[in-house]
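Please read the structure below before turning to the comments.
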Amino acid sequence: MQFPEYRPRRLRKNANFRRLIRETRLSVDDIIYPLFVVPGKNVKKPIASMPDNFQMSADNIVKEAKKARELNIPGILLFGIPARKDEQGTQAFAKDGIIQQTVRMVKNEVPDILVITDVCLCEYMSHGHCGIVEKGGVDNDTTLEVLAETAVAQARAGADMVAPSAMMDGQVGAIREALDESGFADIPVMSYSAKYSSSFYGPFRDAAESAPQFGDRKTYQMDYANGDEALREITLDVSEGADIIMVKPALAYLDIICRVRQEFDLPLAAYNVSGEYAMIKAAANLGWLDEEKAMLESLTAIKRAGADIIITYFAPQAAALYQQQENRL
Ligand code: PBG
């Protein structure tokens, strides 16, 4: 192909040509909406670093789930902030733990939206680490038992899918086995397979009150300099029974999404994390970026890289926009 025979600009001439040759299309079908549950009633507390997102009590989560359902969003992802944290993460798997209670309420009142639960311990631990701390470090294998128990408690409460994010080795296998043994062979696991140790989680840790009280997460989350290792992590999760694999964060890791897409044929999710959201919101607030355009460009890029599913705090905003666009056609 050569100029002047080939002139790419011919097909960019107007909006209709551009529509015809557009390769990537965003759809509300691809979106998951993360939400933060806190104890109490009628609580709706703004999260400063995540404009338009709130810590909400379960009653308000139900309302938000209804709104998401009306926008045709297929699923919500729940994170819980318990009233009491300890060193065993007991509120993660307690029968009346905050997530278990909230799942029951949402499934009762909004049965036709998927309720996905985060399986991790950082929000439930007084020290803020994602697992059981022993001798100053996070112990992998004792943590597996607690993660498995948490996933089963969530499934018992009615969760439609569990999403382990603790980055313990063997967590997918441990959870799969426990679910199967407890009669939940039909509950899928969406695994945070390649989860990097990232500064872009900053705002989330405010929202989930889960910042580690000592050290960092570098002994369990991945080093951002590594790409091949992501493929090894995903190979492990696939062999342990993951139904959906994930790369997280998304925007600084589009190369990883692209490589994973080429190597694996399982559904692939990408987590457009809190810091990625906050950057656009902050710049838009200052008048430095057009918020809507920057959002659409980012989400499209994540899909173009190869993600099937996008977990994003922009979910309601994006869904409302798609709805408007569809109504116009
Ligand atoms: C851990 C978890 C984190 C996020 C999702 N699950 C934080 C962490 O690893 O510190 C981050 C999500 C985001 O930044 O939006 N339970």
Side-chain angles (χ1 to χ4, degrees), residues 18-35 52-53 61-79 103 106-107 109-118 158-163 165 186-194 234 242-251 253-254 256-258 260-262 264-274 276-277 280 291-329:
R18 292 194 294 271
R19 276 174 68 200
L20 284 175
I21 66 158
R22 187 156 294 140
E23 297 173 29
T24 310
R25 244 168 266 275
L26 287 172
S27 157
V28 68
D29 295 343
D30 310 326
I31 288 183
I32 293 174
Y33 181 22
L35 291 168
D52 305 324
N53 280 257
I61 294 283
V62 169
K63 282 189 200 150
E64 198 65 20
K66 277 189 188 144
K67 197 176 104 189
R69 178 71 201 90
E70 276 155 26
L71 286 165
N72 205 20
I73 294 171
I76 58 172
L77 172 62
L78 292 181
F79 295 93
V103 170
V106 177
K107 287 312 300 181
E109 298 196 39
V110 201
D112 53 353
I113 193 161
L114 294 177
V115 177
I116 308 160
T117 46
D118 182 69
D160 296 294
M161 177 156 75
V162 295
S165 70
D186 62 332
I187 298 293
V189 176
M190 174 168 72
S191 170
Y192 290 65
S193 312
I234 294 186
D243 298 278
I244 298 177
I245 50 182
M246 194 197 299
V247 172
K248 176 187 175 186
L251 289 175
Y253 298 83
L254 295 177
I256 310 296
I257 295 174
C258 183
V260 171
R261 170 76 302 152
Q262 283 162 6
F264 297 90
D265 59 2
L266 282 182
L268 171 60
Y271 202 135
N272 178 216
V273 300
S274 58
E276 300 172 338
Y277 174 84
I280 292 181
E291 178 172 333
E292 211 168 276
K293 287 183 180 154
M295 169 185 82
L296 288 176
E297 188 175 333
S298 302
L299 297 177
T300 304
I302 295 169
K303 199 155 175 208
R304 191 194 61 230
D308 303 299
I309 299 166
I310 306 175
I311 304 169
T312 180
Y313 303 99
F314 283 118
Q317 204 176 337
L321 204 67
Y322 303 158
Q323 222 170 42
Q324 261 177 33
Q325 280 174 346
E326 271 167 25
N327 290 343
R328 244 187 274 136
L329 293 176

>> Does Ile256 form a side chain to side chain contact (heavy atoms under 4.5 Å, CB included) with Val247? I'd like the steps, not just the answer.
In response: CA-CA 7 Å; Ile256 310 296; Val247 172; 4.0 Å; yes

>> Could you go through Asp160 and Ile187, starting from their C-alpha distance and side-chain angles, then the distance that decides it, and tell me whether this counts as side chain to side chain contact (heavy atoms under 4.5 Å, CB included)?
In response: CA-CA 6 Å; Asp160 296 294; Ile187 298 293; 5.8 Å; no

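Applying side chain to side chain contact (heavy atoms under 4.5 Å, CB included) to Met190 and the options Asp118, Ile245, Ile244 leaves one that passes, Ile244.
Between Gln323 and Val28 there is no side-chain heavy-atom pair separated by less than 4.5 Å. Contact of the Thr117 side chain with the Val103 side chain is registered, since non-hydrogen atoms from C-beta on lie closer than 4.5 Å. In this structure, Tyr322 and Ser27 have side chains that are not in contact, with every pair of non-hydrogen atoms separated by 4.5 Å or more. Within the 4.5 Å cutoff, side-chain heavy atoms of Leu321 are placed close to those of Met295. Put simply, the side chain of Leu268 does not reach to within 4.5 Å of the side chain of Met246, judged on heavy atoms. Counting only heavy atoms from C-beta outward, the side chains of Val162 and Ile116 never approach each other to under 4.5 Å. Looking at heavy atoms from C-beta onward, Phe79 lies out of side-chain contact with Leu35 at the 4.5 angstrom threshold. By the 4.5 Å heavy-atom criterion applied to side chains, Ile32 and Ile76 are not counted as neighbours.
Considering OG of Ser298 and CG of Asn272, their distance stands at 6.5 Å, rounded to 0.5 Å. One distance of note links CD1 of Ile302 with CD1 of Ile310; it measures 5.0 Å at 0.5 Å rounding. Expressed to the nearest 0.5 Å, how far CD of Gln262 lies from CD1 of Ile257 amounts to 12.5 Å. For the atom pair Lys303 NZ and Asp30 CG, the distance stands at 3.5 Å (nearest 0.5 Å). Residue Leu71 holds its CG atom at 9.0 Å from OH of Tyr33, rounded to the nearest 0.5 Å.
Salt bridge Glu64/Lys67: present, at least one basic N to carboxylate O contact under 4.0 Å.
For the pair Leu77 and Ala163, the tightest heavy-atom approach, listed with the atom from each and the gap, is CD1-CB, 4.2 Å. The two residues Ala319 and Ile73 have their closest heavy-atom pair at CB-CG1, 3.8 Å. Nearest heavy-atom pair, Val273 versus Tyr313, reported as atom, atom and distance to 0.1 Å: C-CE1, 3.8 Å. Here the shortest heavy-atom pairing between Ile113 and Arg69 reads CD1-N, 3.9 Å. Of all non-hydrogen atoms in Thr312 and Leu299, the two that sit nearest each other are OG1-CD2, 4.0 Å. Nearest approach of Pro188 to Asp243, heavy atoms of both residues: CA-OD2, 3.3 Å.
Asp186 is linked by a salt bridge (charged side-chain N to carboxylate O under 4.0 Å, His left out) to nothing, counting only residues two or more places apart in sequence or in another chain. In this structure, the salt bridge (charged side-chain N to carboxylate O under 4.0 Å, His left out) partners of Glu291, at least two apart in sequence or on a different chain, are Lys281. With sequence neighbours left out, Pro74 forms a side-chain contact (heavy atoms from CB on, under 4.5 Å) with no residue at all. Listed by chain and residue number, nothing satisfies the side-chain contact (heavy atoms from CB on, under 4.5 Å) test with Asp265 (two or more places apart in sequence, or in another chain). Lys66 is linked by a side-chain hydrogen bond (donor to acceptor under 3.5 Å, both in side chains) to nothing, counting only residues two or more places apart in sequence or in another chain. By the side-chain contact (heavy atoms from CB on, under 4.5 Å) test, Arg22 pairs with Arg18, Arg19, Arg25, sequence neighbours left out. Lys63 pairs by the side-chain contact (heavy atoms from CB on, under 4.5 Å) definition with Asn60, not counting sequence neighbours. Every residue two or more places apart in sequence or in another chain was checked for a salt bridge (charged side-chain N to carboxylate O under 4.0 Å, His left out) with Asp29, and none qualifies. Residues forming a side-chain hydrogen bond (donor to acceptor under 3.5 Å, both in side chains) with Ser274 (at least two apart in sequence, or on another chain): none. Every residue two or more places apart in sequence or in another chain that forms a ring-ring contact (aromatic ring centres under 6.0 Å, His included) with Phe314 is listed here: Tyr277. Every side-chain hydrogen bond (donor to acceptor under 3.5 Å, both in side chains) that Asp308 has, sequence neighbours left out, goes to Arg261. Among residues two or more places apart in sequence or in another chain, the side-chain hydrogen bond (donor to acceptor under 3.5 Å, both in side chains) test is passed with Tyr253 by none.
Residues Glu276 and Tyr271 have side chains that never bring a donor and an acceptor to within less than 3.5 angstrom of each other.
At least one donor-acceptor pair closer than 3.5 Å links the side chain of Lys107 to the backbone N or O of Pro111. Ser193 places a side-chain N or O within donor-acceptor distance of the main-chain N or O of Ser191, the cut-off being under 3.5 Å.
Summarising the local packing, CD of Gln317 is surrounded by more than 12 heavy atoms from other residues, nucleotides or ligands at distances under 6.0 Å.
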